[in-house]
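The block underneath contains the structure these notes are about, expressed in structure tokens.
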Amino acid sequence: MIISWNITKACQLKCRHCYRDAGTKESDELNPAEGLKLIEEIARAGFKILILSGGEPLMRADVYDLISHAKNHGMRPVLGTNGIMIDRAVARKLKDAGLVRAGISLDSTDEAVHDDFRQDIGAWKGSIAGMKACLDEGLDFQIHTTVTKYNYKDVEKITDLAVTLGAKAHHIFFLVPTGRGKNISAVIPSDDYEALLKKILKKQGEVPIELKPVCAPQFVPLAHEMQVPTRFQRGCLAGHSYCCILPNGDVHPCPYFPVKAGNVRQEPFDAMWKSNPLFIELRDANYTGQCGACEHKISCGGCRARAYAESGDYMEFDPECVFHH
């Protein structure tokens, strides 16, 4: 079980696709004491991996305390970051606090393409420098790429770069139009979506690091069809073994799925995770449309966030499905 907590909306970048519309810290973010209490509730709920992200999580002063607290409560703390603030001293401090891995964003092998997408000249160099600092300090890192129609032909080259740089994994996030992502018409066409998934699965057999498509749940049944070994048993995890907590304590099934289950200031997270009606509905998996009748209903699950973005109904058909064009 894995959970993502956006610990702040503060960020030095203004990425075009940002699902959290990050940039400025908000006044109602969970305070340090509330954050430590939340981590204890997450541990009680049975989660094993805690992703601290943002915004830019390193802009929150108590991030090291949060990492240590998660580690001390039996979880594997990981970071979702743009990497720009990571130098060797920061990497060492993160490792000493108990961080097991940093996920660093990189959207192209072309510096100019990445910088334009992140709307900051020098962002590419900063992210690469952050990766090298992690490597120098023995802190594991992986690369996160957001796939759009502008960079999807570059994904395999980014994987090769990830191997060269010493990354442990390359996770490839397929754009869901939410947050600032609603303002850019950048979702790749369905035919290219399917072709890219197949290329990623084929590439997995050629490289020594883990490749994982994210927000592309059809990759699980496709891997079975292509006889590509994978440790992943289900595509969309939202509400099943994954959810997201916003900086103010609101709880959503995933970062790209802006439907509120509750708020941790009003109800302990572990109680909410166990019995909230939204999570129960998602776990029952009584999907409508083609997802409801699909033979891959359990192994895939369809992207509930993309269904919601398309129709306003999160139980409806995933419009980017590769099995039912």
Side-chain angles (χ1 to χ4, degrees), residues 1-6 19 38-51 53 70 73-76 78 80 171 173-174 176 178 212-224 230-246 249-324:
M1 289 170 56
I2 183 169
I3 189 167
S4 176
W5 174 19
N6 302 132
Y19 63 83
L38 172 59
I39 287 171
E40 293 164 13
E41 294 169 0
I42 290 170
R44 284 204 304 267
F47 285 84
K48 301 303 181 186
I49 299 175
L50 172 61
I51 305 169
S53 64
H73 281 78
M75 288 184 286
R76 290 170 53 84
V78 299
H171 287 195
F173 293 72
F174 285 66
V176 178
T178 188
K212 184 189 178 186
V214 182
C215 298
Q218 294 81 17
F219 88 92
V220 174
L222 267 179
H224 295 158
T230 177
R231 66 182 178 90
F232 304 104
Q233 300 302 310
R234 181 181 172 85
C236 182
L237 304 179
H240 291 259
S241 57
Y242 176 75
C243 72
C244 175
I245 301 170
L246 277 62
D250 285 347
V251 179
H252 291 179
C254 93
Y256 313 99
F257 186 167
V259 176
K260 181 178 172 180
N263 185 286
V264 300
R265 284 182 168 129
Q266 277 77 55
E267 180 183 11
F269 173 77
D270 48 323
M272 193 188 312
W273 177 252
K274 181 178 179 181
S275 59
N276 186 271
L278 174 57
F279 293 143
I280 291 172
E281 183 180 16
L282 290 167
R283 291 164 195 163
D284 287 343
N286 293 320
Y287 308 128
T288 55
Q290 289 166 303
C291 281
C294 182
E295 64 180 303
H296 305 301
K297 171 181 171 178
I298 302 303
S299 63
C300 170
C303 178
R304 297 301 102 210
R306 196 170 280 114
Y308 181 77
E310 176 73 13
S311 68
D313 181 354
Y314 50 79
M315 300 302 284
E316 250 294 349
F317 175 60
D318 176 356
E320 295 300 317
C321 178
V322 305
F323 297 107
H324 303 282

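Model, not experiment: these values are computed from the prediction.
With contacts defined as side-chain heavy-atom distances shorter than 4.5 Å, the pair Leu278/Tyr314 qualifies. Here the side chains of Tyr242 and Cys236 are not in contact, with every heavy-atom distance at 4.5 Å or above. The closest side-chain heavy-atom distance from His73 to Ile42 is not below 4.5 Å. In this structure the side chain of Ile3 reaches within 4.5 angstrom of the side chain of Cys243, judged on heavy atoms. No side-chain heavy atom of Trp5 sits under 4.5 Å from any side-chain heavy atom of Val264. Counting only heavy atoms from C-beta outward, the side chains of Phe174 and Glu320 never approach each other to under 4.5 Å. Between Tyr256 and Cys244 the shortest side-chain heavy-atom distance does not fall below 4.5 Å.
Side-chain atoms of Glu41 come within 3.5 Å of backbone N or O of Phe269 as a donor-acceptor pair. Using modelled atom types, no side-chain atom of Arg304 and backbone atom of Phe257 make a donor-acceptor pair closer than 3.5 Å. Judged purely by atom type and a 3.5 angstrom limit, Arg283 uses its side chain to pair as donor or acceptor with the backbone of Gly239. Here the side chain of Asp270 pairs no donor or acceptor atom with the backbone of Arg44 at under 3.5 angstrom. Side-chain N or O atoms of Thr288 include one that pairs as donor or acceptor with a backbone N or O of Met315 at under 3.5 Å. Within the 3.5 Å criterion, the main-chain N or O of Lys48 finds no donor-acceptor partner in the side chain of Arg76. Formation of a donor-acceptor pair under 3.5 Å by the Lys260 side chain with backbone atoms of Asp250 is not found in this model.
Closest approach of Tyr287 to Leu282, counting heavy atoms only: OH-O, 4.2 Å. The two residues Glu316 and Cys291 come nearest to each other via the heavy atoms O-SG, 4.1 Å. Minimum interatomic distance between Pro217 and Cys303 (heavy atoms only, all atoms of both residues): CG-N, 3.4 Å. Residues Ala238 and Cys254 come closest through the heavy atom pair CB-CB, 4.1 Å. Annotation for Gln233 and Thr230: closest pair NE2-O, 4.0 Å, computed over non-hydrogen atoms. Listed here is the closest heavy atom pair of Ala216 and Pro213: CB-CB, 4.0 Å.
For Asp318 and Gln218, the side-chain atoms include at least one donor-acceptor pair closer than 3.5 Å.
Annotation: the span from Trp273 atom CH2 to Met1 atom CE amounts to 5.0 Å, rounded to 0.5 Å. Atom CZ of Phe232 and atom CZ of Phe219 lie 5.5 Å apart (nearest 0.5 Å). One distance of note links CG of Asn286 with NZ of Lys297; it measures 5.5 Å at 0.5 Å rounding. Separating the CE atom in Met75 from the CD1 atom in Ile51 is a distance of 12.0 Å, to the nearest 0.5 Å.
Ring orientation note: the planes of Phe323 and His296 are tilted relative to one another, at an angle of 30° to 60°.
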